Structure formats: C-alpha cells, structure tokens
Number of protein chains: 2
Amino acid sequence: MKKRRPTVTDVAKLANVGASTVSRHLRGVSVSPEVAIRVAEAIVQLGYHPDETARALRVGRTRTIGVIIPQVSNMFYSRAVQLIEEEVGRRGSAVILLTHQESRKQQAVQLATIRRYRADGLILAPAAGSTLEELRSALPGTPVVAIDRLISPEMDSVVLRNREAARTATEHLLSHGYKHIAAVISRPEIASFQQRWQGYVEAMAEKNLDTILIQAPDHDQLRYALTSSFLGQRRPDALLSFSNRVTQTILLAFDELAFAREDRIPMLGFDDFDLASLVDPPLSVVRQPTENMMRHATNILFRRIEDGELMEPQNIALPGQLVYRRSCGCS
Amino acid sequence: MKKRRPTVTDVAKLANVGASTVSRHLRGVSVSPEVAIRVAEAIVQLGYHPDETARALRVGRTRTIGVIIPQVSNMFYSRAVQLIEEEVGRRGSAVILLTHQESRKQQAVQLATIRRYRADGLILAPAAGSTLEELRSALPGTPVVAIDRLISPEMDSVVLRNREAARTATEHLLSHGYKHIAAVISRPEIASFQQRWQGYVEAMAEKNLDTILIQAPDHDQLRYALTSSFLGQRRPDALLSFSNRVTQTILLAFDELAFAREDRIPMLGFDDFDLASLVDPPLSVVRQPTENMMRHATNILFRRIEDGELMEPQNIALPGQLVYRRSCGCS
DNA sequence: CTGTTAGCGCTTTCAT
DNA sequence: ATGAAAGCGCTAACAG
C-alpha cells in the first residue's frame, strides 16, 4: 500500500466539509470559526501540504520568479541573488535561478526555460549585446526588470548611475594629479561598461587629457595586456577598473610582475568586495548600493505583476558611493 | 481580444491531429514522419511553448531541484550553486534556490517551500544542529542529498574528508615547528567544523601538544577574541582557520592590529578563494574539490529520483588538497 | 457561509 | 500510429 499524498478532498472529507471550503480556509477567506478549526485539525492530522503546481495551473500564477544572471560566482551577483532571494521569499514566491555565462545563446535557452516554467516575472542581468526585441519576444506578457545593465528605457530597470560614478571616480584620480589614467575593461559590449567609459571620457576630456584603454575579451588576455602596458614606454600612472573581476586581474598582474606596494600603480575600481580593504594597499572603490537596488528591482517586478501594463516603464538609476582607501593615492 | 497562450489542443487542431499525438511528438515518441512535420510547423506558427506546471501536475514530476544553503554570498556556496545550476540544467531541470541563513527555523520554512513546490529532489547544506529526523519528516518521499555537512550516514551525502584534511593541515603546521597552534572556529555546531576539530585534536595529541580553541558565535565577537588572543600572554604561534569566512575575520584582526607582514601569525585556512594568493603573505589553504563534489551530488540525486529507494545510502567523502603558499611558513 | 461542478493544460490508458 | 476521454489537485463560478 503506497500512501498517496493527501489532497484538499482528503482534508475536506475528514473535516466533513466541501473541498472549496478547505481551499477558502487555506487562502484565508471567510470561514466559520468552528469549521476553520476542524479543517485545521484535519490538515495537521493528514500532514497536508498544498500543491503549488496544481494551484498554478488553475490560477495561472506560479509564485515563482526567474532570476537570470551571468554567473553566481561573482561577488556582485552572488550578493544580488542573496538579496533577491530574501525579498522574493518575503513575498511568498520562490526563485528559479539560471545563468547565461555571458552567452546570448545560453540566455535564449534560459529565457525559454523561464517561459516553460511560467514564472510570474523575471529579474535579468542581460548578456552582453542583448536587444530589447530579443528579450521581449522570448517572454511575451511576462514582466521583466533588468538589473545592472540597461538595455532600453522601455524595459523596467535598476542600475547604477554608471556614467556619473565613473566620471566622479576619474575626477578623483585626476585630483591626485595623475594624467595618464587608463580605463581597464573586460568586455566593452556590456552596457554598464559603456556608460562607465563615457563618464571616464568626459572627465578626461575636460582636462584635455588623452584616454587610455586597456581591454581584452577574456581575463587571461587582459592580464597579459596589463603586464605589457605596465612594462611599456607609456605606462599609465593610474588605473580605473571597471569591475571587481577586472580589479582582481589587475592585482594578479601586479603579483605576476612582483610589484611591491610602492611599484603598484594607483587605482580605483568598480564594486566593493569583502577583501578590498585587506589587500595592499587597501583598495579605493565605487560601491554599489546593491541592497537598495535589489529591493527596487523586486518591488517594481511585483507591482508590474499585479498591476500589469498600466504603469510607465520604471528606470531607476542609483548613485554609487566612492569609498576612499589607499590605492587611489589617498592617505 | 486577449490572446490566450496556445495549448496542445490549439496545435492539434491546426495540425489536424489529436492532442495526444502532439504530446507524443513533444516527448519524442514514435510519430509518423509526415505528421511530425505538420505538428512541428503548427508549433512554430502558434509560438507554442509547453506548460511545465500542467505537465508536472499530470506526471507528478516537476523537473525542479531545490537547493538550500546557508547563504549565497559565501564564496564556497556561490561556487557550489553555480556548478549545481549547470549540472541540473544539463539534465533538463531547473533550480529553485533558497537560503536558511544558518537558522533551523528558516530552514524549516524553506523545506516546507520545497514541499509545496513539489521539487523532485533537494540538495541541502543543513543548518547547524539539524537532525536527520527533522529533515526526513519535512520531506517524506523526496530524495535529499546533503552537501558540505554530514548529518547522518543514512542520508546521501557528499562532503570533504574533513578530519583527514584538518589533520594533514595541522601536521604541516607542526612540521614548521609551531607548537601553539590555535584552531579558529565560528560556529562549532556545524558538523564539518566538528570533524575538522577532531582532525586537529588528533594531530596535536600525537605530539603531546595542548589544543587551543579560539571561537565565538559571530564574526564580530570572533574578531575580538582574536585580537585579545594575539595581544595576550599566550599568543598562538600558528593558526588553523576553519572556513574562508573565518580566514577573512583573521585577516581583519591582523589589519585592526596593524600587524605588518612580519608580525602576522602563520596560518593555514580551509577553502581556497580567488584572492587567497594575493593577500600578504599569500594564503596557504585546504582546497575543496568543489566541482567534483557538486557533480557527485547531482549524480546521486538524479539516480535516487529515478531508481527510488533501492540504492544504498551514498556517502561520498572527497580528499582536500593542501595548497602551499606563504602564510603557513613555507617559502 | 457552504457545497457542487467545471476546467486549467497536459499525459495516459484504451480502443481503434 | 492515432484519437477520444479521463483525471492529476486545485480554485472560481454558481446556487443554495
């Protein structure tokens, strides 16, 4: 005798009520107190647990939120996922986590997955080069909010004020007297990096200084580009790193060259991380208000799920915070 | 006119076949080639995407795997989640990600969530102090494999050979001539830490050396305990850190005390991480074979889902790898 | 406030 | 190889 999972009907029978009454009780709709007790008892007695898949099929809402990011093993995104999970859980939904590894093809696969699972909404950090159309058509009718990377103002989004932050950061570097500041970028197709590049260019132009770009498609090649640059004739006298992953690569390059603290090129990087204050010298960074950002993202998503299309597209851009430690030249 | 999502029936009508034929086609069961084409065309024409929730209800399998960990924002776990996501995705399922923040109450909530969503299986890093019974009874009939922390040999598990690794690590420290080696632990209720403690104790006992325990319920207090110990009479001459989070706290304590590289107490820590080689001095660590572990975990889980209870409980314990950098005293 | 009934979209007998 | 019909567990009308 294999014991079937108890259903509403089982509970209903045991409590001597109709199935719909059990359903009502479950959803907190008006039920006579006396009946409520009987139902509650029957539920614990049978060890009944509602079936979300059945509910989803009937109601058309799955209480699941898709989250698609480049990868979890990047401090910024793992923190983001943590916050989203908490926020979404608080609202009685669960997170379906998918990664696209910066590949649009993989992203397409994951979007299709979200579609099959009928997630109520999606929080997405779009893969480099994604277009609004490709995203929209993959999930018609499903609310999407973009995080970290802005694709189009027509899509809800929550991002950093990238241009402004990069500009301020560059200006700070300039205020230390550096003139040959290099921007270090991994994948320039990524929207947020483009905006940061703009901000950097603006700040440099204002002082009539030439821009320097150190860039490579992957981090191994980037490290190579960095070491060559550091050893070359036109070695930059300061660095602006566009992501924490890039910052790591820069540190690796210093290490490879056995640069002592004094040799290290002053730098300032995007994204704060746990050990930033512990490297030598302590890293000055642009800190993102990640918690706030994810709260906004979840809020917007759920409003969109409930209210539908009525609302104007929301495009939130939050200011970064410059954290001055030593690496930029501050004492 | 609101456009309904196309269903198998819509596809069937358009292709002039029965709904079951469409279903068969979708699942790759024998269908006459001529019909297959008509169905395929209808599918693209309508933009049909199967509904997993309906399938799940009917079939009783959701193609969903629960993953519950303490938190995503810990390098070890974020890496683990990344690997699990890939592995699970490869098998056509999706990950529902939940965190318990090291709280058994929160863990109970999340287990109930997994139950409601009818996940086919669960990969779990149990909260400190969890018992087999509490875990089992929360999810009767659902396969669970424990990772990182062993609760009971009756439950499938994939963990590090913690005792052995700690012992080897301690022995290595001893080989450098240190005698007052302190074990630094955050939450001693965590199973893996207990095993590591055992290994440490064994190695110390073998040399007739006294054990030293530096421990605190949270990382702020731990940092305080560390600084007191470093400044006190019986300052340890080497440290064995039990997790990367603890290692960070130790580094923070060094920093707080403004210990220069020479003042820093030699140490060796569990868990490798990206910047381990970049701190000063570079950190010697016990590296976990995370990729292998997660592959094993997923394999076991899916076998369990398919074959059911027939299989003996699997308890995999993989050896750690000692990575010698400088911090332990090696040159 | 409560019970009956129908049906969400799919798969699975059971005939043909 | 194919179609008709039943049913997975739930909720939303609808009557009472």
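Note that the structure is a prediction, hence the values are computed from the model and not measured. Every chain is numbered from 1, with letters handed out A, B, ... down the list of sequences.
- A/E52 has its CD atom 12 Å from the C1' atom of D/dG9, to the nearest Å.
- Scanning all heavy atoms of the two residues, the minimum distance from A/V145 to A/A297 falls at CG1-O, 3.7 Å.
- Nucleotide D/dA1 holds its P atom 15 Å from the CZ atom of B/R38, rounded to whole Å.
- Judged by distance alone, with hydrogens and angles left aside, B/R24 brings a side-chain donor or acceptor within reach of the base of D/dG3, the pair sitting under 3.5 Å.
- Atom CG in B/L57 sits about 13 Å away from atom C1' in D/dA6, given to the nearest Å.
- For the OP1/OP2 pair of D/dG9 and a distance below 4.0 Å, the side-chain nitrogens and oxygens of A/T53 include no atom meeting the criterion.
- Following rounding to the nearest Å, A/R27 (CZ) and D/dC10 (C1') show an atom-to-atom distance of 9 Å.
- A donor-acceptor contact under 3.5 Å links the side chain of A/S20 to the base of C/dG3.
- Residue contacts for A/N16: at a heavy-atom cut-off of 4.0 Å it reaches the sugar-phosphate backbone alone, with no base atom in range.
- Both B/V31 and A/V22 lie close to DNA chain D; mapped to their nearest nucleotides by heavy-atom distance, the more 5′-ward contact belongs to B/V31.
- Of the candidates B/R91, B/Q314, B/R304, B/E87, B/N299 forms a side chain to side chain donor-acceptor pair (under 3.5 Å) with just one, namely B/R91.
- Remark: A/R55 is not in phosphate contact with C/dC8, judged by side-chain N or O atoms under 4.0 Å from OP1 or OP2.
- Across the protein-nucleic acid pair, B/D10 atom CG and C/dC8 atom P stand 11 Å apart, rounded to whole Å.
- The side chain of A/T21 contributes an N or O atom lying less than 4.0 Å from OP1 or OP2 of C/dG3.
- Contact annotation: the side chain of A/L26 approaches that of A/V8 to within less than 4.5 Å [non-hydrogen atoms, C-beta and beyond].
- Look at CG on B/D51: it is 13 Å from C1' on C/dT11, rounded to the nearest Å.
- Take the nearest nucleotide of DNA chain D for B/S30 and for B/V59: the residue whose nucleotide is more 5' is B/S30.
- Taking CZ of A/R63 as the start and CZ of B/R116 as the end, the distance is 6.5 Å to the nearest 0.5 Å.
- Here B/R245 pairs with nothing under the salt bridge (charged side-chain N to carboxylate O under 4.0 Å, His left out) rule; sequence neighbours left out.
- Counting to the nearest Å, the C1' atom of C/dG3 and the NE2 atom of A/H25 are 17 Å from each other.
- C/dC10 atom P lies 8 Å from atom CG of B/L26, rounded to whole Å.
- Side-chain N/O atoms of B/S23 include one lying less than 4.0 angstrom from OP1 or OP2 on C/dT11.
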